Amino acid sequence: MAVREDLVVPSEGEENYVLARDARIIEVPFSPLEERMAVEKPLVMEKLQILKEILGEEKFQRHISKVHNINYDGERIMIVAESELHRTNIERECLPAIIKAFEVKSIRVVAQG
């Protein structure tokens, strides 16, 4: 059996990372959720407008605009918060409004980090 030269399997406990030859890391500045959803997910944007009306501008900016991502499908929604504290605040302050705006039965709020 021949060993592939491009396949590197680090040994246990080895902390060296192997990247593809053409790997790049780029930094993208964070933009508010509404800006990203208007381009990436227009159907979510319609529901976000309803959510903003229900929550009010201040609460929407504090809790929802900082969300990293929203995946919405039928009666389910998953929201990716920036931290555990952010996740907790969304769950405490926004769940009834999210249910109403998105017309969902299942909400999952997760923290990115």
Side-chain angles (χ1 to χ4, degrees):
M1 179 163 81
V3 177
R4 288 177 37 191
E5 290 182 22
D6 64 334
L7 179 63
V8 179
V9 180
S11 63
E12 188 174 325
E14 188 173 317
E15 295 185 12
N16 293 329
Y17 296 96
V18 179
L19 295 175
R21 289 181 185 98
D22 60 349
R24 297 182 310 144
I25 297 175
I26 59 171
E27 184 176 335
V28 178
F30 184 79
S31 57
L33 182 68
E34 307 88 24
E35 290 177 20
R36 290 179 278 126
M37 292 298 111
V39 174
E40 298 169 14
K41 302 177 183 177
L43 294 177
V44 171
M45 191 58 205
E46 293 173 20
K47 302 293 186 177
L48 284 174
Q49 293 294 1
I50 297 168
L51 182 59
K52 187 185 246 182
E53 291 173 17
I54 296 169
L55 289 175
E57 182 71 30
E58 190 269 330
K59 191 181 271 190
F60 184 87
Q61 292 301 321
R62 189 165 17 110
H63 298 301
I64 306 302
S65 282
K66 299 189 300 182
V67 163
H68 285 265
N69 197 11
I70 292 178
N71 290 315
Y72 165 66
D73 180 36
E75 296 181 340
R76 299 175 301 163
I77 188 169
M78 184 173 78
I79 299 171
V80 182
E82 65 180 353
S83 65
E84 285 295 324
L85 178 61
H86 186 211
R87 179 190 63 78
T88 300
N89 288 334
I90 290 170
E91 288 178 343
R92 185 181 61 231
E93 306 269 337
C94 304
L95 289 188
I98 293 168
I99 290 169
K100 187 173 182 180
F102 283 85
E103 302 174 46
V104 293
K105 294 181 180 175
S106 173
I107 299 177
R108 184 169 183 201
V109 183
V110 297
Q112 181 164 350

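If you're wondering where the values come from, they're calculated on a predicted model, not measured in any experiment. Each residue takes its place number in the sequence, starting with 1.
Using a 4.5 Å cut-off between side-chain heavy atoms of Ile, Leu, Val, Met, Phe, Trp and Tyr, with links allowed through other members, V67 and M45 fall into the same hydrophobic cluster. Residue L48 is not grouped with residue V80 when hydrophobic side chains (ILVMFWY) are merged at heavy-atom distances under 4.5 angstrom, including chains of intermediate members. Linking ILVMFWY residues whenever their side-chain heavy atoms come closer than 4.5 Å, directly or via other members, leaves I98 and I50 in distinct clusters. M37 and I54 end up in different hydrophobic clusters when Ile, Leu, Val, Met, Phe, Trp and Tyr side chains are linked at under 4.5 Å. Residues I70 and L95 fall within the same hydrophobic cluster, defined by Ile, Leu, Val, Met, Phe, Trp and Tyr side chains chained together at heavy-atom separations under 4.5 Å.
The nearest pair of heavy atoms linking I90 to A81 is CD1-CB, 4.1 Å.
Scanning for side-chain contact (heavy atoms from CB on, under 4.5 Å) contacts around L43 gives E46, with sequence neighbours left out. Every residue meeting the salt bridge (Lys or Arg N to Asp or Glu O under 4.0 Å) condition with E75, not counting sequence neighbours, appears here in chain and number order: K105. Residues that satisfy the side-chain contact (heavy atoms from CB on, under 4.5 Å) test with E103, not counting sequence neighbours, are K47. A search for side chain to side chain donor-acceptor pair (under 3.5 Å) contacts involving S65 returns E34, Q61, not counting sequence neighbours. In terms of the side chain to side chain donor-acceptor pair (under 3.5 Å) criterion, R108 has no residue partners (sequence neighbours excluded). Partners of R87 under the salt bridge (Lys or Arg N to Asp or Glu O under 4.0 Å) rule, at least two apart in sequence or in another chain, are E84, E91. Partners of N71 by side-chain contact (heavy atoms from CB on, under 4.5 Å), not counting sequence neighbours, listed by chain and number: K41, N69, M78. Scanning for ring pair (Phe, Tyr, Trp, His ring centres under 6.0 Å) contacts around F60 gives an empty result, with sequence neighbours left out.
Listed by first then second residue, pairs satisfying ring pair (Phe, Tyr, Trp, His ring centres under 6.0 Å) with a partner in residues 66-91 read F30-H68, Y72-F102, not counting sequence neighbours. The salt bridge (Lys or Arg N to Asp or Glu O under 4.0 Å) contacts involving residues 51-67 comprise K52-E57, E58-R62, K59-E93, K66-E82, where partners must be two or more places apart or lie in separate chains.
Listed by chain and number, the hydrophobic cluster partners of L85 come to none, as no ILVMFWY side chain reaches under 4.5 Å of it.
The CD1 atom of I107 lies 4.0 Å from the CD1 atom of I99; values are rounded to the nearest 0.5 Å.
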